[in-house]
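These notes are about the structure you will find just below.
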Amino acid sequence: MNKLYDTLNDQQKKGVFTTEGPVLLLAGAGSGKTRVLTTRVAYLIEEKGVNPWNIMAITFTNKAAGEMKERVEDMVGFGADSIWVTTFHSTCVRILKRYGDRLGYDSTFTIYDTDDQKTVIKEILKKFQIDTKTLKERYFLSAISNAKNELISPQAYHKAIGGDFNKSRIAKVYEEYQNTLKRNNAMDFDDLIMQTVELFKNHSDILEQYQERFRYIMVDEYQDTNTAQFALISHLAAKYRNICVVGDDDQSIYKFRGANIRNILDFEKVYPDAVVIKLEQNYRSTQNVLDAANAVIGNNQSRKEKALWTEKGEGNKIHFRQFDNAFEEADYITDDIYKKQKDGLIRYSDCAVLFRTNAQARLVEERFIIRGIPYDVVGGTNFYARREIKDLLAYLKTIENGRDDIAVRRIINVPKRGVGMTSIQRIVDYADERNINFYDAMRESDQIIGLGKAAMKITAFTTMIQAFRSKMELYGLSDLIKDVIETTGYITELEASNEEDAQSRIENIDELISKVVSFEENNHEATLSDFLDEVALVADIDHVVGESGQVLLMTLHSAKGLEFPHVYIAGLEDGVFPSYMSIASEDPEAEIEEERRLAYVGITRAGDDLTLTCAKQRMVRGETQYNAASRFLKEIPPPLMDNRLSTFRKMKVTVPVKNYTAPENKPYVAGGVSALKRGGIGQGLPVMGASPDYIVGDKVAHIKYGIGIVRGIEQGAKDYQVTVDFDTAGPKIMYAAFAKLKKV
DNA sequence: TAGTTGGGTTTTTTT
DNA sequence: AACCCAACTA
């Protein structure tokens with residue numbers, strides 16, 4: 001036995017060496033579970049002689065999968081690339097692309113994201129004349145998602161209605177939704193799992209083949225699996241029963257996505273012969289950080305008791321600061337990081353600032369720009385969900401899968417080619433009558449009455465798509481996307497538009513092209529379908545690289561699985577964290593326990609220093625909130641902190657902004673410095689060209705381009721045009737009102 | 001058909 | 001604050 005195993009503690013060793021039968025590895029935060037998993041894989045191959053081909057490791061994010069793969073590769077000499085290390089969703093895509101035809105899907109099926117789902121559901125609700133004022137789209141979407149996560153088919157849903165009117169409507173919508181997706185040869189995220197389970201249930205030959213292949217299965221972040229994912233795993237493991245699940249019930253934070261915490265809590269009931277191993281030594285955090293985390297999570301009722309400990313001494317106290325408002329909070333975090341970096345105490349890449357919501361990152365981001373601190377915001381709008389990117393992907397999807405009505409309809413008039421709502425409705429009606437796809441109806445546009453001269457435009461469109469399809473045989477992926485952009489004039493139209501963010505849109509398109517090029521370089525045999533699948537399943541966190549010299553700003557959810565020597569958690573106020581939604585929900589006890597687990601995840605990300613902050617006053621969705629300090633702060637024993645929590649309670653706003661009546665001729669402007677004051681123009685008229693508060697020669701900061709020098713300010717027709725020479729991005733000309741430049 | 005504007009709405013987290 | 005949609009205008 002080599003020294004690979006010598007540095008493991010006894011429990012970790014047990015986890016590595018217990019290779020046969022069901023194993024439940026309860027791995028506390030920072031207890032080295034990834035190390036156990038990867039070493040276990042190496043042990044299976046090197047000591048037990050298991051063929052790498054027979055090993056499967058499943059995670060939730062591509063990033064986690066990639067890291068695991070890399071670490072296994074470092075440990076084992078050969079064969080690492082034949083281990084199946086992927087995410088749940090990409091595993092299912094691979095299986096379904098191969099055998100989806102058994103379920104009536106074509107291998108070119110496309111994957112619908114949340115945006116596409118919304119489009120489908122909207123259409124259906126309109127068709128069924130369901131008023132979206134009373135029952136929102138997301139009500140139906142989440143009902144459908146929940147059903148799929150519980151493996152309930154539309155038919156099964158129908159049977160379980162039991163006279164409930166709302167449920168009968170959901171059943172109707174669910175059925176129609178599912179039919180639409182199938183007609184479009186498309187699956188949503190939940191389908192990927194559910195349909196794979198369906199496939200296994202109904203086609204034992206396929207199941208047996210995969211059971212035979214995956215003789216050793218490992219599942220990471222097991223506490224976040226849902227019922228469908230559990231079924232998937234159980235099917236695969238049913239034959240050899242070598243299933244090792246790793247997780248921590250205290251870190252279960254994805255209930256909203258269908259995660260079923262019972263999967264981990266009841267594992268021993270499902271597999272009575274399971275070996276349970278607890279990893280309780282923490283290698284990451286100081287005792288103070290750990291004590292704080294344990295104190296907070298100790299308030300949860302439904303959990304497995306565990307005792308995390310560390311050999312890393314007491315360490316610094318938890319830093320705690322409260323501020324009058326969120327601006328001061330952001331200032332403090334920015335200055336603190338800046339100073340410590342300047343004094344050589346920390347590196348920027350050692351720091352992360354965590355928030356409950358994505359929007360909270362904005363404020364800190366703005367300060368970072370002014371201070372010149374390099375940073376990366378993880379999350380928010382996914383790159384591939386941006387309008388211009390989705391448009392171009394819709395072209396690719398249409399070329400790949402002509403049955404995807406959502407994709408076709410998205411681009412039929414983008415860029416503008418004179419096909420309006422009326423024409424589209426005529427095509428829809430024609431397609432519905434004949435029960436054919438939108439695209440196929442378009443190909444018969446000359447037979448659709450009432451189209452008039454739009455018919456020619458539509459024919460031109462289908463001819464163009466056909467041309468792309470035939471040209472695809474001749475050139476590569478990157479040529480195709482460049483051709484699409486060129487032929488459709490997509491960028492040309494953007495350039496001509498006076499849209500405020502045309503420039504950044506074009507930059508995004510350039511980035512998309514680069515992504516296609518590098519995808520092509522990395523996968524020589526890559527098909528269009530491969531690219532679309534990959535793109536559909538990437539998360540923002542997947543792109544995060546360690547040691548990039550940047551401070552990371554992200555949500556607590558995104559931070560799961562990561563660690564940083566210095567962690568800041570901002571916005572610790574009741575109503576922000578824990579969120580208002582959890583406090584006001586129908587089952588606040590359970591929801592607040594979930595928020596508390598999120599707090600536990602956040603705290604345990606920290607290695608050496610943890611800074612917790614809150615603000616008495618904060619702007620949320622355009623209105624000022626006054627919240628009490630978070631209950632989680634109060635759960636941390638005061639001796640662990642360097643500052644006491646002075647009590648501040650939820651205050652009543654004396655002048656509610658909404659009910660405020662402005663005195664005559666003196667319009668009231670809520671929040672911030674009024675443009676009227678700055679521009680010196682009166683009478684509440686829309687102020688287009690309020691003069692900027694900077695002059696030529698000033699140093700200014702821009703949200704995207706960073707720091708630059710103002711080279712010129714010219715008064716245009718509508719607004720001031722400002723020329724700025726940016727340090728990194730070079731010279732740019734922009735409208736003052738849009739650019740939102742801040743004098744530094 | 002295209003562009004603009006005003007009014008209403010917003011669950012926070014994501015594969 | 002930001003986004004989406006319907007209604008209105010050109």
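Naming convention: chains lettered A, B, ... in sequence-line order (proteins, then strands); numbering from 1 in each chain.
For the pair A:Arg409 and A:Phe438, the distance from NZ or CZ to the six-membered ring centre is under 6.0 Å and the angle to the ring normal is within 45 degrees. A:Lys148 forms no cation-pi arrangement with A:Tyr174, by the criterion of a distance under 6.0 Å to the ring centre and an angle within 45° of the ring axis.
OP1 and OP2 of B:dT15 both lie 4.0 Å or more from every side-chain N or O belonging to A:Asn226. When the side-chain nitrogen and oxygen atoms of A:Ser423 are compared with OP1 and OP2 of B:dT1, one or more of them lie within a distance under 4.0 Å. Taking 4.0 angstrom as the limit, A:Asn382 places none of its side-chain polar atoms (N or O) nearer than this to OP1 or OP2 of B:dT15. Contact between the side-chain N/O atoms of A:Asn413 and the OP1/OP2 oxygens of B:dT1 is not found at any separation under 4.0 Å. Applying the 4.0 Å criterion to OP1 and OP2 of B:dG3, one finds that A:Lys416 has a side-chain N or O inside that range. Considering only side-chain N and O atoms, A:Arg362 lies under 4.0 angstrom from the phosphate OP1 or OP2 of C:dA2. A:Thr422 has a side-chain polar atom (N or O) that falls below the 4.0 Å cut-off from OP1 or OP2 of B:dT1. OP1 or OP2 of B:dT14 sits under 4.0 Å from a side-chain N or O of A:Ser558. Within the structure, every side-chain polar atom (N or O) of A:Arg257 is placed at least 4.0 Å from both OP1 and OP2 of B:dT13. Taking only side-chain nitrogens and oxygens, A:Thr555 comes nearer than 4.0 Å to OP1 or OP2 of B:dT14.
Closest to the side chain of A:Asn358, out of B:dT14, B:dT15, C:dA1, is B:dT14.
Stacking annotation: A:Phe256 is stacked on the base of B:dT13 (ring centroids less than 5.5 angstrom apart, interplanar angle below 30 degrees).
Annotation: proximity of residues 117-125 of chain A to DNA chain B (heavy atom, distance under 4.0 Å) is found for no residue.
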Could you list, one pair per line, each protein nitrogen or oxygen that sits under 3.5 Å from a nitrogen or oxygen of nucleotides 7-10 of chain C, together with the distance?
none

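On the P atoms, B:dT13 is 15 Å away from C:dC4, given to the nearest whole Å.
Applying the salt bridge (Lys or Arg N to Asp or Glu O under 4.0 Å) criterion to A:Arg426, with sequence neighbours excluded, gives no partner residue.
By the 30° and 60° cut-offs, the orientation of the rings of A:Phe577 relative to A:Phe632 is perpendicular. Between A:Phe256 and A:Tyr254, the ring planes are tilted. Angles from 30° to 60° get that label.
Checked by atom type and distance alone, the side chain of A:Asn260 never pairs as donor or acceptor with a backbone atom of A:Asn226 at under 3.5 Å.
A straight line from CG of A:Leu141 to C1' of B:dT14 spans 14 Å, rounded to a whole angstrom.
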